2 protein chains.
Amino acid sequence: MKACAHKHPHQRQEMSALTDRLRGHSRKITGPRAAILEILRQHPHPLTNKEILAALPKGQCDLATIYRSMHLLEKTGMVKRFHFGDGASRFELVGEGDDGHHHHLVCTKCAEVVEIDDCFPTEVEQRIAAANGFKAVTHRLEFFGICPECQQTLRLK
Amino acid sequence: MKACAHKHPHQRQEMSALTDRLRGHSRKITGPRAAILEILRQHPHPLTNKEILAALPKGQCDLATIYRSMHLLEKTGMVKRFHFGDGASRFELVGEGDDGHHHHLVCTKCAEVVEIDDCFPTEVEQRIAAANGFKAVTHRLEFFGICPECQQTLRLK
DNA sequence: GTTTCAGTTGCAAATCGTTTGCAATTGACT
DNA sequence: AGTCAATTGCAAACGATTTGCAACTGAAAC
Ligand SMILES: [Mn+2]
Ligand SMILES: [Mn+2]
Ligand SMILES: [Zn+2]
Ligand SMILES: [Zn+2]
């Protein structure tokens, strides 16, 4: 029995580990980047760029810089991009060596997000890939519903 | 044994059936709407609004009208909206009585789309919903990979 | 067939998330 | 401290989508 070999989702990463990873890609550790990483570190859920901006000490960093930073972090595999179906991309820190693949359960009323450990069955995915001659097949999967609190709210109306 | 009771994916619908459904929602059958429905009828895959516009006899209808029509058709349950992760929404006609829930396999190189019949296991989804106290849980799921033709192309480079 | 009017449309302007050009700034190395 | 490529802020540009508004048109009612 393996003891949690690789799936430690949402374990807060050390800031030094993060900056080391950036340096490893020969990138500068700038004020804005450190601030952004700090925000991501503190939030174990996907954040939009605007949410990151709002969480930042005001005037700490321009929105355009956040967009550029997220591209960089995505390219270096330090964050994973998620889509919840509204227009905006959301980003979450990814553990070293992890590819960040996982899924969420989102409340369609209040946007609460729950991290989900289940994944689409590999065998079925492989069968789908093979049946259509596709290679390197992966998937995006998100769940949507009404959270307990919003069920309450609805009942009262 | 039931003979294909409800899942007849992508069976081309009669235009009259479509206009009847719209009338059923007390909406006018206008030139633009008929033209849009005709395009959707002919395409068994999700289309962006811009693709619909391009497929339309030129000048047949304004892009804003297509956006408005897709909202209407979505609200009345005649089309289903899909997200492939690029900015744009895509729409597909939904059979009468069907909710249109299904998934796709998309080539990340050439954007070819394959319709998929598999779905996320209901039992697992229910377990996820129950474990988190969520109600009315559903999911969005799309597969991405490299299609046979693009595998060829890549090999040649 | 004509009248009537709410529903619909085209067009332009507005909005939203995101990208980009550019000149000024700044980490990291010497 | 000096150098220089990488980085940033700011404003303009962009692509998808929405919206205000005046003109227009199905379809129900005469
Ligand atoms: Mn997550
Ligand atoms: Mn489809
Ligand atoms: Zn998965
Ligand atoms: Zn499904």
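Chain letters run A, B, ... following the sequence lines, proteins first and then strands; every chain starts at 1. Keep in mind that the numbers below use all heavy atoms, side chains included, and drop hydrogens, waters and symmetry copies. Bear in mind the structure is a predicted one, so any value in this text is a computation, not a measurement.
Looking at heavy-atom distances under 4.0 Å, A:A64 makes contact with a base.
The side chain of B:K50 contributes an N or O atom lying less than 4.0 Å from OP1 or OP2 of D:dA16. In this model, the phosphate group of C:dG7 is not approached by any side-chain N or O of B:T30 to a distance below 4.0 Å at OP1 or OP2. Dashed line: the shortest gap from a side-chain N or O of A:Y67 to OP1 or OP2 of C:dT18 is under 4.0 Å. Listed pair A:R27 / D:dA6 fails the phosphate criterion, with no side-chain N or O lying under 4.0 Å from OP1 or OP2. Note on A:R33: a side-chain N or O is less than 4.0 Å away from OP1 or OP2 of D:dT8.
Atom CG in B:D62 sits roughly 16 Å away from atom P in D:dG20 (whole-Å rounding). In this structure, A:L56 atom CG and D:dG9 atom C1' are separated by 14 Å, rounded to whole Å. Between the CZ atom of A:R23 and the P atom of C:dG27 there is a distance of 12 Å, given to the nearest Å. Taking atom CE on B:M70 and atom P on C:dT8, their separation rounds to 15 Å, with Å as the unit. Atom CG in B:L53 sits roughly 10 Å away from atom P in C:dG10 (whole-Å rounding). In this entry the distance linking CZ of B:R90 with C1' of D:dG15 reads 14 Å, nearest Å. The distance between atom CD1 of B:I36 and atom P of C:dT8, rounded to the nearest whole Å, is 12 Å. Rounded to whole Å, the distance from CD on B:Q60 to P on C:dC11 is 13 Å.
Of the two residues near DNA chain D, A:K28 and B:S89, the one whose nearest nucleotide lies more 5' is A:K28. Between A:C61 and B:G31, the residue whose closest nucleotide on DNA chain D is further toward the 5' end is A:C61.
The A:I29 side chain lies nearest to C:dA28 when the options are D:dT19, C:dG10, C:dA28. Across D:dC10, D:dT8, C:dT18, the shortest atom-to-atom separation from the side chain of A:L63 is found for C:dT18.
For D:dG20, the base has a donor-acceptor partner in the side chain of B:R68 [N/O atoms by modelled type, under 3.5 angstrom].
Applying side chain to side chain donor-acceptor pair (under 3.5 Å) to B:E92 and the options B:K80, B:H102, B:H43, B:H45 leaves one that passes, B:H102.
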Run the numbers on B:L47 and B:R90 for side chain to side chain contact (heavy atoms under 4.5 Å, CB included), then give the verdict.
-> CA-CA 5 Å; B:L47 293 179; B:R90 281 150 218 272; 5.9 Å; no
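Counting heavy atoms from C-beta on, the side chains of B:I66 and B:M70 come closer than 4.5 Å.
Within 6.0 Å of CD on A:E149 lie no more than 12 heavy atoms contributed by other residues, nucleotides or ligands.
Considering every non-hydrogen atom in both A:D118 and A:H103, the closest pair reads O-CD2, 3.3 Å.
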